[in-house]
Trainee: 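This is the structure I have questions about; it appears just below.
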Amino acid sequence: MLDRKFIVENASLIQENCARRGVKCDVARLVQLETARRQKLQEVEELNRQANETQKKIGQTKDPAERETVKAAGRQLREAKDAAQAEHDRLDTQVHALQQAIPNLTHPAAPIGGEADSKDIRRGKTPIRTFDFTPLDHVAIGERLGLFDLEAGARTTGHGFYFLKNDGVLLDLALQRYAIETLIREGFMLTTTPDLARNEILEGIGFNPRGSETQVYSIENTDLSLVGTAEITLGGMYSGLTLEEEQLPIKVAGLSHCFRTEAGAHGQATRGIYRVHQFTKVEMFAYTTPEASDAMHDAIMAIECQIFDGLGIPYRVIDTASGDLGGPAYRKFDLEAWMPGRGTVKDGKPSGDWGEITSTSNCTDYQSRRLNTRFRKKGEKGTQFVHTLNGTAVANTRAMIAILENYQQADGSVTVPEVLRTWMGKDRIAAPA
RNA sequence: GGAGAGGUGGCUGAGUGGUCGAAAGCGCCGGUUUGCUAAACCGGUGUACGGGAAACCGUACCGCAGGUUCGAAUCCUGUCCUCUCCGCCA
């Protein structure tokens, strides 16, 4: 959420930014309503002032008859105030609705345009492998090696759910452990987070828990939802608090399950475990001062690169274009791994394709304003909103796809990446005997 | 799940209808004094929003949301959270 005052004072800039982001928003209407709201607020405050004055007089008035006269005046003032307040609240609701639809500002360096305009800014250390056999996709590999059971998932829960089995479980745990070890070295505080959060926290982070196009599972008869990412719970951790500047930056790693309805996503890449309703993720989250958020964003992206360079997965880094940023992000970098089993199949051979494996966003003060997470500078009056950033360390299903497809061997086995062997307890995943 | 107690400023804690944004102590900041340190003394010290060049002024805020009242930290209702006891339980 952007600051109302800022919106009013920079209406044309905001309107332009909305256009760049492909968001329809009537900024002029917002400005008009907000101006009216502020006038009403002044009216409310003035009536309150008069009522307060009158009320003090009542306490001091001893004569009963006179007291009743002053009381009546006070009552009248409060009634006038209530009417003005009701009008103010009506305007406030309207402004809030418009305000909520306005996306964050955009980093000046972020590419302008739609998905096609996103920029490929960096490649990982691992080159794309050429196969001397026809590579399989992760579904075929997983079936052959007994790593997951999609049909059992569908029977038990529904399409988009799965059981991990055998070495699939070990691989999942190894990835978590590898990510966590990396984040310990990088100075993150480790957490496992709740898998449910209050709807107000979801909204603060920028998720919409209600409505037909919601990506969120909600819990009936409560105001709780299943989290789509630990970003939600990690962002909720300090909501409503005022931090000291010396506490910043705060870097938190969160291990959680992630639940997504993926409403409207049918048809696109639904095969296997690429797009599922539940997965496990190690997430990074950071709270910084406004001056430090750009550097932190680069640092988080560098950690993501380190993790996937370490895993020996070929990837590219995408500087996401304005139209594809989503509401809260000021700038977003995605890592896309090369997945040999994806893409179009020609002559029985898959072309391979890039697939998103991580994403890191600088949300500046867009989330902290709604979550009310502030910080105070020593010796300075007042408070400021912190900047928040998030980034994926490892999203398990996507990482598993990348590993299985890139490390598959001609004999059908899969070599375990060097860095995972300690946690896997083996260097090769072979078909069960 | 049942019964009870409680949530007040950075902290401790007083305050049961008006003069309370809130005593007192601690802490913190500034000053005075004292070889240094410490102590003592004096003054200051919440946040948000609005107005103002500023001094400052106004409004709101005593977990949160409502209600009663001319007036609520104080009374009522709901809700969230904490603690104690009982029950259940991985």
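Here the structure is a predicted model, which means the values were calculated and not measured. Letters A, B, ... are given to chains in the order of the sequence lines, protein chains preceding strands, and every chain is numbered from 1.
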Trainee: If you draw a 6.0 Å radius around CD in A:Glu418, do more than 12 non-hydrogen atoms from other residues or ligands fall strictly inside?
Mentor: no
Trainee: In whole Å, measure the gap between the C1' atoms of B:G87 and B:G2 for me.
Mentor: 7 Å
Trainee: Taking pairing as Watson-Crick or G-U wobble with both contacts under 3.5 Å, can you name the mate of B:A38, or confirm there isn't one?
Mentor: none
Trainee: For B:U79 versus B:G15, give the span between their C1' atoms, rounded off to a whole number of Å.
Mentor: 25 Å
Trainee: Where along residues 75-97 of chain A does a heavy atom come under 4.0 Å from RNA chain B, residue by residue in number order?
Mentor: A:Arg75, A:Arg78
Trainee: Looking at B:C28, which nucleotide sits across from it as a Watson-Crick or G-U wobble partner, both distances under 3.5 angstrom, or is there none?
Mentor: B:G44
Trainee: Looking at B:A72, which nucleotide sits across from it as a Watson-Crick or G-U wobble partner, both distances under 3.5 angstrom, or is there none?
Mentor: none
Trainee: List for me each residue that meets side-chain hydrogen bond (donor to acceptor under 3.5 Å, both in side chains) alongside A:Arg78, sequence neighbours excluded, and say none if there are none.
Mentor: A:Asn48, A:Asn52, A:Gln55
Trainee: Judged by atom type as modelled, is there a donor-acceptor pair below 3.5 Å linking the side chain of A:Asn10 to the main-chain atoms of A:Phe6?
Mentor: yes
Trainee: Using the P atom as the reference point in each nucleotide, state the distance between B:U45 and B:A23 in Å, no decimals.
Mentor: 11 Å
Trainee: What's the gap between B:A5 and B:C89 when it is taken at their C1' atoms, as a whole Å value?
Mentor: 25 Å
Trainee: Using heavy-atom distances to pick each residue's nearest nucleotide on RNA chain B, tell me which of A:Asn52 and A:Lys71 is more 5'.
Mentor: A:Asn52
Trainee: Go through the structure and list residues passing salt bridge (Lys or Arg N to Asp or Glu O under 4.0 Å) with A:Lys332, not counting sequence neighbours.
Mentor: none
Trainee: Between B:A14 and B:C20, how far apart are the C1' atoms? Round to whole Å, please.
Mentor: 12 Å
Trainee: Taking any strand in view, what nucleotide pairs with B:U77 in a Watson-Crick or G-U wobble way, both distances under 3.5 Å?
Mentor: B:A65
Trainee: Does A:Lys165 have any salt bridge (Lys or Arg N to Asp or Glu O under 4.0 Å) partners at least two apart in sequence or in another chain, and if so, which?
Mentor: A:Asp149
Trainee: Testing A:Thr383, A:Asp365, A:Thr242 for side chain to side chain donor-acceptor pair (under 3.5 Å) with A:Arg374, which one passes?
Mentor: A:Thr383
Trainee: Going by ring pair (Phe, Tyr, Trp, His ring centres under 6.0 Å), name the residues that satisfy it together with A:His257, two or more places apart in sequence or in a different chain.
Mentor: none
Trainee: Counting Watson-Crick and G-U wobble pairs only, both distances under 3.5 Å, name the nucleotide matched with B:G58, or none.
Mentor: B:C49
Trainee: Under a 3.5 Å limit for both distances, which nucleotide forms a Watson-Crick or G-U wobble pair with B:A14, could you say?
Mentor: none
Trainee: Quick one: do A:Leu325 and A:Arg21 satisfy side chain to side chain contact (heavy atoms under 4.5 Å, CB included)? Show the steps, please.
Mentor: CA-CA 7 Å; A:Leu325 282 172; A:Arg21 289 203 172 221; 3.4 Å; yes
Trainee: Taking for each residue the nucleotide of RNA chain B with the nearest heavy atom, is it A:Ala72 or A:Gln42 whose nucleotide lies nearer the 5' end?
Mentor: A:Gln42
Trainee: Determine, stepwise, if the pair A:Thr191 / A:Thr233 fulfils side chain to side chain contact (heavy atoms under 4.5 Å, CB included).
Mentor: CA-CA 10 Å; A:Thr191 68; A:Thr233 40; over 6 Å; no
Trainee: Does B:C20 have a Watson-Crick or wobble mate here (both distances under 3.5 Å), and if so which one?
Mentor: none
Trainee: Contact boundaries of RNA chain B with chain A (under 4.0 Å, heavy atoms), 5' to 3'?
Mentor: B:G18 to B:C81
Trainee: In whole angstrom, give me the gap between the P atoms of B:A60 and B:U19.
Mentor: 13 Å
Trainee: Quick one: label A:Thr242 by what it contacts on the DNA or RNA (base, sugar-phosphate, nothing), any heavy atom closer than 4.0 Å.
Mentor: nothing
Trainee: In whole Å, what separates the P atom of B:G63 from that of B:U74?
Mentor: 8 Å
Trainee: Considering only atom C1', compute the distance from B:U68 to B:U12 and round it to an integer number of Å.
Mentor: 34 Å
Trainee: With both distances under 3.5 Å as the test, what is the Watson-Crick or G-U wobble partner of B:U82?
Mentor: B:A5
Trainee: Checking all strands, does A:Lys5 fall into the base, sugar-phosphate, or nothing category for heavy-atom contacts under 4.0 angstrom?
Mentor: sugar-phosphate
Trainee: Of the options A:Gln99, A:Lys40, A:Arg4, which is the one that meets A:Asp92 in a side chain to side chain donor-acceptor pair (under 3.5 Å)?
Mentor: A:Arg4
